[in-house]
Amino acid sequence: MVKVLIHHGVTSTRICYLLQRSPYSWDTKTACYLIKKTTLILHKTMNPALNDAQKRAVETLSGPMLVLAGAGSGKTRVVTFRIANLIRQGIQPSRILAVTFTKKAAQEMQYRVSELIPMDPEDRPEISTFHSLCVRILRRQIEGLGYSPRFTIMDTSDQASTCRKVLREIRVADSTLRPRDLQHLISHWKNRGVRPAQAATVAATDKEHIGAIAYRRYQEELIRCGAVDFDDLLLLVDDLFVKCPEIKQQEASRFDHLLIDEYQDTNAIQYSIVRALAEQHRNICVVGDDDQSIYGFRGSEVQHILNFPKDWPGASEIRLEANYRSVATILELANTLIAFNKSRYDKILKPARTGGKRPRIEQFKDEDQEAEEVVKSLAIQISRGEWNPRDIAILFRTNEQPRVFEQELRKHDIPYVILGSKSFFDRKEVKDILSYLRIVQNPHDEPSMRRIINSPPRGISNATVGKLIDAATDRGVAMWEVMQSPEILSEFSVPVRNAIRNFIALVATGKQLFADMIGRQELQKFLQVCRYDKEVERTSNDQEEQQLRWSSVEEVVNTVASFNDKQKNPTLEKFLDEIALAASDIDEDKDKQLDQDAVALLTLHASKGLEYPVVYMVGLEEGILPHKRSLQFEGEAVDEERRLAYVGVTRAQDELILSMALTRRKWGRVYEQIPSRFLFEMIGQSDNPNSYKKKSAVETR
DNA sequence: CAAAGCCGTTTTTTT
DNA sequence: AACGGCTTTG
């Protein structure tokens with residue numbers, strides 16, 4: 001093993017020299033790889049000297065501050081160093097709140113900060129996502145809004161079934177307003193701060209007026225089930241702050257400093273919460289890049305970051321425009337591309353790294369050939385030792401795209417991980433078990449109740465369930481309540497009545513089992529009591545399938561076990577919250593696989609904040625990127641797609657390969673595809689209306 | 001009450 | 001093409 005002492009000022013030429021002089025006879029392949037690896041490490045870790053702009057962002061500690069940070073400019077590093085610096089200057093760690101976009105980012109930051117500055121485990125800065133922060137507040141305070149503190153967090157499929165129920169109840173035909181449309185509409189409103197009562201006033205079309213009525217019913221349903229949906233987590237906290245100023249005061253005074261990463265993705269509610277938390281001390285530092293705002297569909301508004309200086313008078317503004325991530329050739333493409341967007345702060349990323357391979361653009365016959373060739377090409381890179389699997393990522397726009405690539409990768413025996421997919425939680429067995437647990441935690445949860453009340457079959461038929469639900473809805477109470485009412489039970493036959501009683505007893509057993517904590521043994525015992533093995537047996541056609549299904553059950557058990565290991569106080573409630581908010585604890589398998597060296601497959605959205613030496617961006621076709629849904633509106637929607645493409649390009653450190661297919665199959669039919677406009681824009685084959693006039697920073701009002 | 005079969009929809013992106 | 005909800009049948 002050769003040790004190369006890496007310190008400031010070590011260049012790759014120097015490393016090359018050292019390698020050649022070393023007593024080992026490196027073949028070219030190995031030497032080449034070592035140099036690449038070392039250069040990367042150099043750029044990643046050995047860039048500790050902050051540049052002037054970064055230094056200012058880290059050292060100006062009080063008052064509002066806006067950090068406009070381009071891709072790869074060391075954004076996360078600045079936040080981390082800033083937190084460490086605050087602590088170093090004597091701020092008590094637990095008085096600092098940092099908000100990140102994903103749970104993973106929060107964990108990473110937590111770790112980085114503790115690396116920079118030693119800390120008492122009891123006195124740490126709070127680093128979390130908006131959603132976890134809000135859950136914490138709600139669990140303590142939600143009674144002020146008439147909810148039970150044992151509320152469950154509904155997932156999207158529960159949301160959909162609630163929408164279906166509501167529409168049926170108010171007799172809206174599918175042709176008028178489909179459940180899915182209602183779900184989107186409600187989420188759209190909630191993300192923009194529209195409460196049920198206000199919906200009627202903002203509704204413009206007939207559809208939306210019906211939607212407004214359904215929205216009110218939907219919200220009543222949630223309260224009846226003791227449930228909140230994702231959007232409620234934020235909305236209810238905002239409501240709580242308005243309704244109970246003392247709670248707002250209490251929450252706001254917990255912190256003296258507030259830092260927010262990815263500020264360009266803030267929506268109206270988050271913005272309002274941020275204001276509430278920071279208006280007293282005004283020590284708010286937001287970091288973001290308007291060019292990377294890609295969550296408009298969720299109500300994120302670039303306007304918030306553009307307006308920051310107006311909202312917080314006296315705010316200092318710092319721009320980080322040096323890019324340490326990508327080679328110059330890649331950055332050039334990114335800069336040319338993003339210049340096509342009209343409404344943005346005008347900034348150009350300046351490469352800290354020079355030269356680099358020219359990005360390739362490749363065209364294929366169809367999506368099969370695209371996958372074949374892409375995988376072949378990366379297989380060569382791996383076999384030559386130029387890169388390891390973990391250095392390579394394949395980025396795509398929609399979730400149906402990776403299928404073909406998966407097949408190819410398996411064929412070539414190349415390890416891979418699909419990041420950000422929740423497919424594990426889509427499996428029936430997993431959903432079932434989680435529903436069982438949710439019922440134990442909160443028996444009012446009707447969607448979960450419907451899912452498991454009769455699986456395995458225990459004599460409670462659909463008809464019975466229907467009657468129970470109707471009775472409950474009429475009375476405005478939870479299904480669980482009417483199941484215990486002797487009056488209603490008397491309407492059922494004796495065997496049905498007994499079946500219901502047995503089920504109630506089952507839930508009681510669960511409550512007892514999980515009273516203190518949830519762990520491997522508790523869950524195994526519970527599954528036994530539920531006779532869930534019977535259900536697996538019943539739904540499987542053969543031995544093989546049965547084993548496959550049972551293995552997902554075991555995976556859930558393992559997840560619980562690892563949760564139990566990690567948590568100081570592993571309650572059922574915490575477990576369910578974790579699962580609802582992010583699969584982070586569950587994703588540890590993925591992390592392990594990644595450590596084990598695998599090619600990453602992920603959507604452009606999921607790739608934000610990550611970087612890879614080699615990036616394959618696939619499916620660059622009109623209709624996919626930009627997606628055809630956004631082409632209907634042109635303008636801002638296409639600009640967002642362009643930002644998405646920009647995010648993709650700027651993930652690449654050393655090599656970028658852009659590809660497209662000329663035909664593509666969808667639902668069994670073959671469609672002709674045209675190359676994405678972004679391809680032409682990137683390579684300067686498209687006129688840029690914005691580049692003629694000298695642009696200044698966008699008007700901020 | 002349970003199982004089998006039919007019909008219609010779905011695919012943009014996610015905490 | 002695949003899945004879930006609904007209806008029919010046993």
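All values below come from the heavy atoms of this structure, side chains included, with hydrogens, waters and symmetry mates left out. Per chain, numbering begins at 1; letters A, B, ... match sequence-line order.
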Measure [atom1]/[X] against [atom2]/[N] and give the value in whole Å, please.
{"X": "A:I453", "N": "B:dC1", "atom1": "CD1", "atom2": "P", "answer": "11 Å"}
{"X": "A:Q270", "N": "B:dT14", "atom1": "CD", "atom2": "C1'", "answer": "12 Å"}
{"X": "A:Y271", "N": "B:dT15", "atom1": "OH", "atom2": "C1'", "answer": "21 Å"}
{"X": "A:K431", "N": "C:dG5", "atom1": "NZ", "atom2": "P", "answer": "9 Å"}
{"X": "A:K534", "N": "B:dA2", "atom1": "NZ", "atom2": "C1'", "answer": "16 Å"}
{"X": "A:Q183", "N": "B:dT9", "atom1": "CD", "atom2": "C1'", "answer": "14 Å"}
{"X": "A:Q401", "N": "B:dT11", "atom1": "CD", "atom2": "C1'", "answer": "11 Å"}
{"X": "A:H188", "N": "B:dT14", "atom1": "NE2", "atom2": "C1'", "answer": "15 Å"}

Given [options], the nucleotide with the shortest approach to the side chain of [X]:
{"X": "A:T603", "options": "C:dC6, B:dT14, B:dT12", "result": "B:dT14"}
{"X": "A:H605", "options": "B:dT15, C:dC6, B:dT14", "result": "B:dT14"}
{"X": "A:P457", "options": "B:dT14, B:dT15, B:dA3", "result": "B:dA3"}
{"X": "A:S461", "options": "B:dT13, B:dC1, B:dT15", "result": "B:dC1"}
{"X": "A:F297", "options": "B:dT9, B:dT15, B:dT13", "result": "B:dT13"}
{"X": "A:T129", "options": "B:dT11, B:dT15, B:dT13", "result": "B:dT15"}
{"X": "A:R180", "options": "B:dC1, B:dT11, B:dT15", "result": "B:dT11"}
{"X": "A:E400", "options": "B:dT11, C:dG5, B:dT14", "result": "B:dT11"}

Exercise. With the threshold set at 4.0 Å, does a side-chain nitrogen-carboxylate oxygen contact exist between A:R150 and A:E573?
Worked result: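 So A:R150 does not pair with A:E573 through a salt bridge.
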For this session: Could you tell me whether A:E641 and A:R397 have a side-chain N and a carboxylate O separated by less than 4.0 Å?
Result: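 Yes, charged N to carboxylate O under 4.0 Å.
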For this session: Would you please classify the geometry between the A:H304 ring and the A:Y271 ring as parallel, tilted or perpendicular, with 30° and 60° separating the classes?
Result: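 Rings of A:Y271 and A:H304: parallel, under 30°.
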For this session: Please determine if A:R195 forms a cation-pi arrangement with A:Y215, meaning its NZ or CZ atom is less than 6.0 Å from the six-membered ring centre and no more than 45° off the ring axis.
Result: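 No, A:R195 and A:Y215 do not form such a contact.
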Exercise. Does A:K608 count as lying over the ring of A:F101, i.e. NZ or CZ under 6.0 Å from the six-ring centre, within 45 degrees of the axis?
Worked result: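 A:K608 over A:F101 ring: yes.
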Exercise. Any donor-acceptor pair under 3.5 Å linking the side chain of A:R140 with the backbone of A:R136?
Worked result: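 Checking the backbone N and O of A:R136 against the side chain of A:R140, no donor-acceptor pair under 3.5 Å is found.
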For this session: For B:dT14, take OP1 and OP2 only and decide whether either is under 4.0 Å from a side-chain N or O of A:N399.
Result: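 For B:dT14, OP1/OP2 do have a side-chain N/O of A:N399 under 4.0 Å.
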Problem set entry | Under-4.0 Å side-chain N/O to phosphate OP1/OP2 contact, A:R178 with B:dG8 |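 It does not, given that no N or O in the side chain of A:R178 lies less than 4.0 Å from OP1 or OP2 of B:dG8.
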Select base, sugar-phosphate, or nothing to describe what [X] touches, counting heavy atoms under 4.0 Å on all strands.
{"X": "A:R403", "value": "nothing"}
{"X": "A:T156", "value": "nothing"}
{"X": "A:F130", "value": "nothing"}
{"X": "A:N454", "value": "sugar-phosphate"}
{"X": "A:D231", "value": "nothing"}

Problem set entry | First of A:R298 and A:D181 reached from the 5' end of DNA chain B, by closest nucleotide |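 The 5'-side residue here is A:D181.
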Problem set entry | Residue whose closest nucleotide on DNA chain B lies nearer the 5' end, A:N462 versus A:H627 |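 So the residue in question is A:N462.
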For this session: Applying side chain to side chain donor-acceptor pair (under 3.5 Å), name anything that partners A:R549, two or more places apart in sequence or on another chain.
Result: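 Result, side chain to side chain donor-acceptor pair (under 3.5 Å) vs A:R549: A:E429, A:E545.
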For this session: Look at the side chain of A:H131 and the base of B:dT15, then say whether one donor and one acceptor between them are separated by less than 3.5 Å.
Result: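 Donor-acceptor pair under 3.5 Å: yes.
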Exercise. Is there a donor N/O on one and an acceptor N/O on the other, under 3.5 Å, for the side chain of A:R629 and the base of B:dT12?
Worked result: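 Check fails, no donor-acceptor contact within cut-off.
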